[in-house]
Number of protein chains: 2
Amino acid sequence: MKLLDIYAKMKSDLDVIEGQLARSVTTDHALLSDASTHLLKAGGKRIRPVFVLLSGKFGSYELSVLERIAVPLELIHMASLVHDDVIDNADTRRGQLTVKSKWDNRIAMYTGDYIYGKALAIVTELENPQIHQILSKAMVQMCIGEMEQIRDFFNTKQSVRNYLLRIRRKTALLIAISCQLGAIASGADRKAANLLYKFGYNVGMAFQISDDLLDLLGTEKQIGKPPGSDIRQGNITLPVLLALREPAIAEELQEQINQIQLSNGAGETKRALNLIRKSAGIGIAEKMAARYINKAIAALGDLPNIPARKNLTDIAHFIAKRSY
Amino acid sequence: MKLLDIYAKMKSDLDVIEGQLARSVTTDHALLSDASTHLLKAGGKRIRPVFVLLSGKFGSYELSVLERIAVPLELIHMASLVHDDVIDNADTRRGQLTVKSKWDNRIAMYTGDYIYGKALAIVTELENPQIHQILSKAMVQMCIGEMEQIRDFFNTKQSVRNYLLRIRRKTALLIAISCQLGAIASGADRKAANLLYKFGYNVGMAFQISDDLLDLLGTEKQIGKPPGSDIRQGNITLPVLLALREPAIAEELQEQINQIQLSNGAGETKRALNLIRKSAGIGIAEKMAARYINKAIAALGDLPNIPARKNLTDIAHFIAKRSY
């Protein structure tokens with residue numbers, strides 16, 4: 001089944017989630033509502049809610065319960081994006097912090113805090129401490145992932161393992177618990193919840209690797225921002241690390257990255273991008289993403305063969321081929 | 001009993017809390033540990049843990065349970081301070097964002113997020129969804145309070161009610177739930193928990209009003225920063241609002257505040273401070289703080305007459321007289 005067909009089949013439930021998302025960030029505080037609603041309208045694939053709902057099919061599917069997992073997980077994802085923007089926003093000002101950007105940053109930070117809080121307030125309506133524990137532990141790991149990303153900016157000596165650990169915390173974990181909590185909340189058995197966690201974790205790893213590939217290979221139109229944003233920001237991703245291991249280009253690529261770092265984000269990335277694109281790193285990273293997808297699909301093998309299992313498989317295949 | 005004597009009596013339990021606080025922010029991520037530990041060492045009165053522990057005396061006092069309330073509440077307080085600093089830090093640079101300050105801000109933001117997450121991870125170890133609900137709802141309200149403070153910067157037309165609602169969210173609520181959750185976690189009855197909430201709420205209101213008075217009346221040595229920091233930042237506190245209602249000084253004070261606003265934090269506050277100090281606003285604000293303290297102590301009246309009740313009364317009196 002195509003991705004759009006899966007979404008179409010889930011439309012009425014996803015519409016409920018969408019409505020709850022909108023309501024959850026509406027306060028009597030205009031500024032906060034505006035900032036949150038703006039963010040919400042920016043949309044997204046709502047992949048976490050989709051995984052929550054599909055995982056809920058392996059237990060007793062109750063939308064009124066699952067929405068209290070799906071909405072908080074999407075809110076946590078949104079809040080993490082807002083906090084990323086606090087920094088990015090400042091960056092675009094090239095070290096100059098205008099009153100307006102200062103104001104925006106302040107609002108962005110508290111909007112993020114507020115959305116995190118709302119997520120927790122909604123999930124705690126489910127009187128299941130295990131769910132609260134899993135979620136709060138994941139939030140801690142996500143923060144550590146964000147800090148690791150900062151620590152590792154422009155660190156071209158980091159290991160591939162280091163990269164994988166970072167994206168595990170930054171991305172894969174939240175997708176893993178989307179599946180796991182959907183299963184737990186619907187009363188699926190422990191084995192199913194664990195297999196769905198495994199599925200989500202592996203899909204999440206593939207998802208981030210694909211995202212990092214897209215930033216190097218995509219066009220500005222495809223990715224909504226100029227390619228090479230990661231490298232400009234100092235975020236050294238898997239294909240870059242792999243390219244840096246190729247003797248034929250290592251030295252020149254390192255030199256280009258040094259220049260990008262020295263230019264404080266204003267430098268030209270064209271040469272570096274060309275080197276990476278022609279490197280074997282691209283193909284190896286693609287293979288690694290494919291391997292994670294295969295592991296994800298293998299985890300589904302031990303689950304009952306219900307339509308949701310096929311949907312999850314299809315979504316995993318879609319993520320593997322991702323080129324939007 | 002003097003405040004120091006109360007702390008001395010509680011020392012061994014507070015030491016346990018202190019140890020847990022230190023452990024809770026220790027990660028294998030050096031940068032994060034350093035930033036959090038630095039913050040922790042800055043100390044503070046640990047008033048929230050003290051209230052948790054004393055409130056726990058109204059039920060079955062179990063330190064191993066109460067520490068999972070006391071530590072998260074202090075962590076949430078700390079995290080909110082870190083996020084305040086994200087902005088203040090940028091301010092001190094007078095609109096110029098150096099690489100170092102940018103780095104610090106980024107770290108401060110994620111350190112705050114991380115500490116919030118840790119607080120939740122610890123409190124969810126107590127398998128009591130009601131506690132998780134109360135805490136997450138309070139966090140949402142605190143964020144709204146922070147946003148309201150930003151919205152109301154330099155708004156001299158705001159009502160006293162507006163100020164009171166803001167400090168309720170910003171300060172009083174967390175102190176109120178420190179008492180309430182201490183009671184709930186120790187299995188005290190609902191009535192006791194509600195009375196302790198009421199005590200904490202009123203103490204919290206008095207605490208913030210006293211804090212705002214101190215920023216106007218204290219010396220730099222007493223408050224650890226130059227007096228008038230609030231007004232420089234645009235935070236219009238109760239005594240200022242009251243002074244602005246006095247016909248004899250209203251116009252000149254408004255003029256001074258306008259100049260402070262136009263100077264973007266660099267202006268002279270001496271004249272404004274003198275006007276406020278001589279105004280009747282000081283006395284009225286002091287009376288309002290005293291009234292909150294009286295309400296707090298009255299709430300204790302219906303609780304069993306155990307030593308903790310006397311301790312809470314003494315702390316409330318101390319806050320009323322606060323001049324450190």
Side-chain angles (χ1 to χ4, degrees), chain A residues 27-32 35 79-80 83 86-87 90-91 93-99 101-103 105-107 109-144 146-151 264, chain B residues 27-32 35 79-80 83 86-87 90-91 93-99 101-103 105-107 109-144 146-151 264:
Chain A
T27 63
D28 52 358
H29 192 302
L31 199 56
L32 209 43
S80 77
H83 277 186
V86 171
I87 306 306
D91 274 340
R93 302 301 193 278
R94 303 260 166 77
Q96 186 70 31
L97 191 65
T98 63
V99 174
S101 83
K102 214 167 64 181
W103 194 262
N105 275 344
R106 217 196 279 249
I107 288 174
M109 190 180 65
Y110 286 124
T111 301
D113 287 2
Y114 167 78
I115 296 174
Y116 275 128
K118 273 301 221 183
L120 294 160
I122 294 168
V123 80
T124 55
E125 287 171 10
L126 296 178
E127 305 212 328
N128 185 334
Q130 190 198 359
I131 291 175
H132 310 167
Q133 283 161 11
I134 291 170
L135 193 65
S136 55
K137 278 183 191 150
M139 284 172 67
V140 172
Q141 292 300 315
M142 279 176 72
C143 291
I144 297 179
E146 295 284 0
M147 291 290 282
E148 283 173 340
Q149 182 163 319
I150 294 172
R151 180 195 60 191
N264 207 9
Chain B
T27 63
D28 53 359
H29 192 300
L31 200 55
L32 208 43
S80 76
H83 277 186
V86 171
I87 306 306
D91 274 340
R93 302 299 194 277
R94 302 260 166 78
Q96 186 70 33
L97 191 67
T98 63
V99 174
S101 83
K102 214 168 64 180
W103 193 262
N105 274 345
R106 218 197 279 249
I107 289 173
M109 191 180 64
Y110 286 124
T111 301
D113 287 1
Y114 167 78
I115 296 173
Y116 275 128
K118 273 300 222 183
L120 293 159
I122 294 168
V123 80
T124 55
E125 287 170 10
L126 297 178
E127 305 211 329
N128 184 335
Q130 190 199 359
I131 292 175
H132 311 166
Q133 284 160 11
I134 291 170
L135 193 65
S136 55
K137 278 183 192 152
M139 284 171 68
V140 171
Q141 292 300 314
M142 279 176 71
C143 291
I144 297 179
E146 296 283 0
M147 291 290 282
E148 283 173 339
Q149 183 164 317
I150 294 172
R151 180 195 61 189
N264 207 8

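Numbers restart at 1 for each chain; the letters A, B, ... are given by sequence-line order, proteins then strands.
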A:Glu146 and B:Tyr110 have their tightest heavy-atom pair at OE1-OH, 3.4 Å
Quick one, A:Met139 and B:Asp113 - any side-chain contact, counting heavy atoms below 4.5 Å? no
Could you check which of B:Met142, B:Gln141, B:His132 has the highest count of heavy-atom pairs closer than 4.5 Å to chain A? B:His132
To the nearest 0.5 Å, tell me how far B:Gln133 CD sits from A:Ile122 CD1. 12.5 Å
Partners of A:Ser136 by side chain to side chain contact (heavy atoms under 4.5 Å, CB included), sequence neighbours excluded? B:Leu120, B:Ala121, B:Thr124
Only pairs at least two apart or in different chains count here, so list each salt bridge (Lys or Arg N to Asp or Glu O under 4.0 Å) that has a residue in residues 122-134 of chain B. B:Arg68-B:Glu125
